[in-house]
Amino acid sequence: MKQNDYLIPVYTHVGPLFVKGKGSFLWDEKNNRYLDLFPGWGVSILGHCHPKIVKAIQDQSRKLIHLPNNLRQEWQPLLAKTIVKSAFPGKVFFANSGTEVVEAALKLSRLYGMKQKRYEIVTMKNSFHGRTMGSVAATGQKKYQDPFKPLVPKFVHAEFNDLGDLRKKVTSQTVAVMLEPIQGEGGVYPATPEFIKGVARLCREKKLLLIFDEIQTGMGRTGKMYAYQHYHVTPDILLLSKGLGAGVPIGAMVVKKGLSDIMQPGHHASTFGGNPLVTRAAYEVYSVIEQDKVLTHVRSVSAYLHKKLAILKKESPLIKEVRACGLMVGIELKKPSYPVFTEALKNKLIVNATHENVLRIMPALTVTKHELDAGIGILRKVLKKIC
Ligand SMILES: *Cc1c(COP(=O)(O)O)cnc(C)c1O
């Protein structure tokens, strides 16, 4: 059966039928092995089917899979406490995906600005915040917005890494600034330290909520638990999702103390949000990251990867620039990146093509130097062929 005979064709599928995964590898139905340096689109941060996550899901699914959110449950408060301890004093709301925690932050911003009639939210050009209507309006890219006009109003987009432009876009109506510390979907562009510090200062001055969308950069991806920790600033709201459950659907909005009781009963809810199965799995993710010293490992393998990429760039005339922070890597090419992605797939390597010319690599945080070497070897061969 073709993949899209009965599926609405919003995805274009490539490659064979994948049936099994372990660590940095996937297997197809004919038992061919693929090296996956983009596992689960940034979701499978501990690799495919990490044994401790599998065990947590197995245990929990025998005990209790789902409870409604008006009954007291075991893992949701434990996970919330763990997240808060890893970030900053505050409280957590759980949802099921990235775009849902963005929506939660937009609603919280509306509540925060209501009395003073401040509704405008400034986000960045070239950003990505998700696919629901609020998140689409927040996303600063025409291609995601144009087919869905009219958009949710009161969003303004500022140039990324341009404090002067941001200052111009902030008015007496502005209530919040939302940004990704490293723009992911937009091609892996890190914010400069000056920009982040300036944004934080401006938000303090004007009493704006500072919202960091760390749906892609969070959970150790950059070598720190959250990317904002590189910049020595703290947001008012931190948004997490992709890697949070290492494969189970979960998102978290972390809100700083002093703002965390703005949302009251009836203001927001989610039927599935933070159910026992997913919170138990995400709790295990934090345990593994701590017990297995995953962040130390990320810093070590990413230093190695960056060195190898610098060599690859010297060898390959097709590479224009390499942008990397920890295990979040964008390789900007002088040509479209999609053919490189499909050719790599033929050579049993999975990477990602984004933003026309960018190859994105976001391996499992548990990836080994040996696996990275193998991946770069295949990429070298593919770039040579395409060139
Ligand atoms: C993936 C992503 C989202 C959207 O997450 P979904 O789970 O697909 O809704 C939002 N923001 C950022 C930065 C992302 O990378």
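Whatever order the structure lists them in is the order used to number ligands and atoms, beginning at 1.
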List, for ligand 1, each N/O atom that has a protein N/O partner under 3.5 Å away, with both atom names and the distance.
from	atom 1	to	atom 2	distance (Å)
ligand 1	7 (O)	G98	N	2.8
ligand 1	9 (O)	T99	N	2.8
ligand 1	11 (N)	F128	O	3.3
ligand 1	11 (N)	D213	OD1	3.4
ligand 1	11 (N)	D213	OD2	2.7
ligand 1	15 (O)	Q216	NE2	2.7
ligand 1	15 (O)	K242	NZ	2.6

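- Residues passing the side chain to side chain donor-acceptor pair (under 3.5 Å) test with H267, sequence neighbours excluded: none.
- Every side chain to side chain donor-acceptor pair (under 3.5 Å) that N69 has, sequence neighbours left out, goes to Q76.
- The side chain to side chain donor-acceptor pair (under 3.5 Å) search around K125 returns E159, not counting sequence neighbours.
- The six-membered or imidazole ring of H66 lies near that of F272, with a centre-to-centre distance under 6.0 Å.
- For Y228 and Y231, the ring centers sit 6.0 Å or farther from each other.
- Of the N and O atoms on the side chains of S86 and Y226, at least one donor lies less than 3.5 Å from an acceptor on the other residue.
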